[in-house]
Visitor: 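Here it is, the structure, as structure tokens.
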Amino acid sequence: MRKDYKLERRKYVIGGIVLVIACIYVVRLFSLQVLNDDYKQHADGNAFLKKTQYPSRGLIYDRNGKLLVFNQPAYDVMMIVREVRPFDTLDFCRTVGITKEQFDKRMADMKNRRLNPGYSSYTPQTFMTQLSAQDYGRLQEKLYRFPGFFIQNRMLREYAYPVAANVLGNIREVSPGDIEKDSYYTRGDYTGDLGIERSYENILRGEKGVEILLRDAHGRVKGRYEDGRYDVAPVSGKNLNLSLDIELQSYGEKLMQNKIGAIVAIEPSTGEILAMVSSPTYDPSMLVGRERGRNYLKLNRDRYKPLFDRALMAAYPPGSTFKPTQGLIFLNEGIITEHTLYPCYHGFVSGRLKVGCHGHASPLSLLPALQTSCNAFFCYGLRSMVDNRKKYQSPAKAFNVWKDYLVSMGYGYRLGVDLPGESRGFIPNSNYYNKVYGENRWSALTIISVAIGQGEVLATPLQIANLSATIANRGYFYTPHLVREIQDTVISPEFTTPKYTMVDSHYYDYVVEGMRMAVTGGTCRIGAIPGIEVCGKTGTAQNPHGKDHSAFMGFAPMDNPKIAIAVYVENAGFGATYGVPIGSLMMEMYLNRKIAPERKYLEERMSQSNTIIYSGVKKH
């Protein structure tokens with residue numbers, strides 16, 4: 001019999017079709033059973049209720065063991081959408097204190113996978129956070145009326161002191177962006193926002209746990225699954241011990257009330273920050289609870305920006321606090337010696353250019369120049385360096401050497417403090433001036449104001465305080481930091497490794513002596529503390545937008561220093577008017593834990609004075 005090849009081919013076609021269909025079924029089954037967990041979630045949802053157990057957030061203490069930030073109970077309203085049955089919506093809204101419109105919006109937002117990437121009708125979803133104790137009590141009594149809803153216990157932050165808001169930070173509800181970046185978070189979780197809470201979020205937050213509850217066929221909870229054998233206990237966040245002295249911080253905020261500016265105090269031998277005041281400030285408890293959003297909006301709209309941490313975010317002209325850096329550079333580069341004399345004709349004069357100065361003896365050397373804060377001395381020094389073509393070939397090369405020194409002293413770049421938002425300040429280089437004036441078309445006279453901390457030079461109060469600590473240490477500093485100890489964790493070596501400047505250490509002795517002379521008989525006389533050898537340097541920074549800024553940099557005692565400080569008060573005039581008194585009071589309070597009776601008048605004057613102007617009228 002003749003073979004039918006058409007039939008033979010048909011057999012293979014049919015077999016191929018069957019094989020393709022079988023493959024499709026296999027792939028689909030694999031997808032359903034392995035790749036897609038919807039059915040597993042459905043099955044698990046019928047049998048189990050998995051409740052997240054939130055860890056206790058780490059506590060925060062100051063350097064003396066005083067508790068600063070702790071936890072208080074809070075309550076979130078949770079729901080499993082597929083278990084919700086018809087209920088009296090208006091009764092529910094009245095119970096939890098929201099409107100029907102707010103209810104509908106919350107439901108819509110919860111089911112929006114763009115806003116809530118982890119949404120599933122089978123798993124618990126956050127409907128409402130931070131229920132008040134009163135609302136919690138009312139809802140607990142009526143919870144049986146609202147099937148599918150339950151209450152989840154949480155922890156919120158509470159602050160033991162109404163100070164240090166920008167240092168400590170706060171916590172807020174996570175955004176969709178937070179959830180997308182970190183799988184740890186789900187909708188309704190909290191994360192650190194600003195300050196220590198943000199920069200140490202991964203350490204403070206701990207690890208979540210889970211409790212697995214068994215349901216019956218009607219969805220009723222019957223108890224823990226296998227007596228909790230598969231439960232995972234939450235792991236509490238680690239506690240932090242800050243270098244902050246909360247009493248000193250409180251005192252600094254008192255002195256700075258009704259002023260705009262900052263105080264930064266550092267322990268020179270460790271780089272630990274003792275106080276970091278930004279003014280105006282606010283009570284950190286304002287950003288806790290149901291009123292957080294409203295208060296945040298109010299603070300954000302405040303014209304004086306209390307949320308802006310001026311201590312590390314504001315970049316100011318450092319003024320005369322910058323002069324010690326110039327003396328050190330000129331000494332190390334051989335531009336001057338401690339005996340070099342420069343004249344001062346009520347300022348630096350070159351042709352028609354004049355940089356003014358107040359009256360004092362002339363000519364003078366480095367130490368009395370620091371003592372009297374002579375502008376002319378440092379302008380002559382900069383000109384002698386930048387225009388020295390024999391040593392540097394060009395002003396551009398000389399200026400880059402000048403900048404390298406300042407970078408080694410902590411200027412021009414972020415120091416690396418363990419807080420978010422640090423500004424780098426600004427130290428120009430030769431390329432900057434080449435773009436402004438043209439290559440080889442500028443000289444020291446073009447940029448002479450940088451010698452006295454004006455012009456393009458900008459620094460943060462943190463950088464100025466760090467310079468003070470560097471001088472106190474005679475040539476090195478530790479990266480300023482706020483966290484002193486982390487529970488069961490070794491602190492980063494970044495904060496325990498000294499950084500040396502480009503200046504030989506013995507040159508610092510001249511600057512230290514000059515800063516001591518400024519207190520004993522110069523511009524910082526009002527900063528003298530009975531029984532303590534204080535070293536200081538005033539700063540009066542010109543401000544094109546109004547009254548000059550008042551600044552001070554200093555440390556004490558002169559030998560074996562315990563505290564280095566920078567004070568910056570906007571629109572407050574001479575450095576000796578506000579900067580020096582506030583800085584010396586802070587040092588005295590830290591070293592003696594009290595203010596001498598003969599200096600109480602100064603404390604009262606600083607705490608009661610007002611430099612904030614509202615439409616030309618001082619705020620009272």
Side-chain angles (χ1 to χ4, degrees), residues 314-337 340 342 347-355 366 369 374-416 422-460 462-464 466-467 470-471 475 477 499-504 507 511 539 541-542 544:
Y316 297 109
S320 295
T321 63
F322 197 63
K323 290 173 181 174
T325 68
Q326 303 305 284
L328 291 165
I329 294 171
F330 303 154
L331 286 169
N332 206 68
E333 282 295 292
I335 304 300
I336 65 170
T337 70
T340 300
Y342 287 128
F348 171 80
V349 181
S350 180
R352 285 188 285 182
L353 173 67
K354 181 173 181 178
V355 178
L366 175 62
C374 174
N375 286 339
F377 183 92
F378 299 97
C379 289
Y380 278 112
L382 186 74
R383 187 176 71 172
S384 297
M385 178 178 177
V386 173
D387 289 350
N388 189 337
R389 294 178 182 270
K390 182 177 180 180
K391 184 176 176 67
Y392 303 104
Q393 287 79 55
S394 71
K397 289 183 179 179
F399 196 76
N400 283 340
V401 171
W402 179 88
K403 178 180 178 176
D404 289 342
Y405 273 102
L406 289 167
V407 170
S408 78
M409 296 178 193
Y411 282 84
Y413 294 90
R414 295 180 182 91
L415 286 166
E422 181 188 2
S423 169
R424 62 179 290 176
F426 185 69
I427 300 293
N429 58 19
S430 61
N431 291 334
Y432 176 87
Y433 289 121
N434 286 340
K435 290 178 182 177
V436 174
Y437 301 111
E439 194 167 349
N440 298 320
R441 300 192 64 177
W442 56 277
S443 66
L445 293 180
T446 317
I447 60 168
I448 199 69
S449 58
V450 302
I452 56 173
Q454 297 286 166
E456 293 75 29
V457 173
L458 297 173
T460 65
L462 177 66
Q463 290 172 331
I464 299 172
N466 186 67
L467 172 65
T470 305
I471 297 171
F477 66 89
K499 294 177 173 59
Y500 290 85
T501 74
M502 294 169 57
V503 178
D504 289 342
Y507 288 126
V511 171
Q542 294 178 6

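Bear in mind the structure is a predicted one, so any value in this text is a computation, not a measurement.
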Visitor: Heavy atoms only: give me the nearest Val511-Pro324 pair and the separation to one decimal.
Guide: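 Closest approach of Val511 to Pro324, heavy atoms only: CG1-CB, 3.7 Å.
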Visitor: Please lay out, stage by stage, how Phe322 and Phe378 fare under the test ring pair (Phe, Tyr, Trp, His ring centres under 6.0 Å).
Guide: CA-CA 10 Å; Phe322 197 63; Phe378 299 97; 9.9 Å; no
Visitor: Is Trp402 close to Gln326 at the side-chain level, that is, under 4.5 Å between some pair of heavy atoms?
Guide: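 Yes; the side chains approach each other to less than 4.5 Å.
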Visitor: Any donor and acceptor pair, going by atom type alone, linking the side chain of Glu422 with main-chain N or O of Gly416 inside 3.5 Å?
Guide: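 Yes, the answer is positive, given that a donor and an acceptor are paired below the 3.5 Å cut-off.
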Visitor: Report the distance from atom CG of Leu382 to atom CZ of Phe399, rounding to the nearest 0.5 Å.
Guide: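 So the gap between those two atoms works out to 7.5 Å.
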Visitor: Quick one: list whatever passes salt bridge (charged side-chain N to carboxylate O under 4.0 Å, His left out) with Lys403, sequence neighbours left out.
Guide: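 Here no residue qualifies.
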Visitor: For Leu353 and Ile448, work out which heavy atoms get closest and say how close.
Guide: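 Nearest pair, atom of Leu353 first, then Ile448: CD2-CG2, 4.1 Å.
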Visitor: Work out which heavy atom in Tyr411 is nearest to a heavy atom in Ile464; give both atom names and the distance.
Guide: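 Taking every non-hydrogen atom into account, OH-CA, 3.7 Å.
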Visitor: With rounding to the nearest 0.5 Å, note down the distance linking OG in Ser423 to CG in Leu462.
Guide: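 If we round to the nearest 0.5 Å, Ser423:OG and Leu462:CG are 10.0 Å apart.
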Visitor: Strictly distance-based, threshold 3.5 Å: is any side-chain N or O of Gln463 a donor or acceptor partner for the main-chain N or O of Tyr413?
Guide: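 Between the backbone of Tyr413 and the side chain of Gln463 there is a qualifying donor-acceptor contact (under 3.5 Å).
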Visitor: Restricting to ring pair (Phe, Tyr, Trp, His ring centres under 6.0 Å), what partner residues turn up for Tyr432, sequence neighbours left out?
Guide: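 Phe426.
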Visitor: For the side chain to side chain contact (heavy atoms under 4.5 Å, CB included) test, which of Leu406, Ile452, Val450 pairs with Val457?
Guide: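 Only one option passes, and that is Val450.
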Visitor: Determine whether Val355 and Ser350 make a side-chain contact, defined as any pair of heavy atoms from C-beta on separated by less than 4.5 Å.
Guide: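 A side-chain contact under 4.5 Å is absent here.
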Visitor: Between atom CD1 of Ile336 and atom CE of Met385, what is the distance when rounded to the nearest 0.5 Å?
Guide: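 Rounded to the nearest 0.5 Å, the CD1-CE separation comes out at 11.5 Å.
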Visitor: Looking only at heavy atoms, which two atoms of Gly381 and Ile335 are closest? And how far apart?
Guide: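 Nearest heavy atoms, Gly381 then Ile335: O-CG2, 3.8 Å.
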Visitor: In Å and rounded to the nearest 0.5 Å, what is the OH to CG distance from Tyr405 to Asn332?
Guide: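 Rounded to the nearest 0.5 Å, the OH-CG separation comes to 4.0 Å.
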Visitor: Are Thr470 and Met409 side-chain neighbours, meaning at least one heavy-atom pair lies under 4.5 Å?
Guide: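 Not touching, per the 4.5 Å side-chain cut-off.
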Visitor: Using 0.5 Å steps for rounding, measure from the OG1 atom of Thr340 to the CG atom of Leu366.
Guide: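 It is 9.0 Å, given to the nearest 0.5 Å.
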Visitor: Using side-chain heavy atoms (C-beta onward) and a distance below 4.5 Å, is Leu458 in contact with Arg424?
Guide: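 Side-chain contact under 4.5 Å: no.
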Visitor: Sequence neighbours left out, what pairs pass side-chain hydrogen bond (donor to acceptor under 3.5 Å, both in side chains) with at least one residue falling in residues 439-452?
Guide: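 For residues 439-452: Asn434-Trp442.
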Visitor: Does anything in residues 388-400 form a side-chain hydrogen bond (donor to acceptor under 3.5 Å, both in side chains)? List the pairs, not counting sequence neighbours.
Guide: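 Output for this query lists Glu333-Tyr392, Asn400-Ser430.
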Visitor: Does a side-chain heavy-atom distance below 4.5 Å link Ser384 with Phe330?
Guide: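 No, every pair of side-chain atoms sits at 4.5 Å or beyond.
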Visitor: Output all residues satisfying side-chain hydrogen bond (donor to acceptor under 3.5 Å, both in side chains) with Tyr316, sequence neighbours left out; order by chain, then residue number.
Guide: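 Once residues adjacent in sequence are excluded, the partners of Tyr316 under the side-chain hydrogen bond (donor to acceptor under 3.5 Å, both in side chains) criterion are Glu570.
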Visitor: Mind checking ring pair (Phe, Tyr, Trp, His ring centres under 6.0 Å) for Tyr342 and listing every partner two or more places apart, or none if nothing turns up?
Guide: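 In terms of ring pair (Phe, Tyr, Trp, His ring centres under 6.0 Å), with neighbours along the sequence ignored, Tyr342 is linked to Phe377, Tyr380.
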Visitor: Can you tell me how far the NZ atom of Lys499 sits from the CG atom of Asn466, to the nearest 0.5 Å?
Guide: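 Interatomic distance, Lys499 NZ to Asn466 CG, rounded to 0.5 Å: 9.5 Å.
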Visitor: Do Phe348 and Leu445 make a side-chain contact, defined as non-hydrogen atoms from C-beta onward lying under 4.5 Å apart?
Guide: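 Yes, at least one pair of side-chain atoms sits under 4.5 Å.
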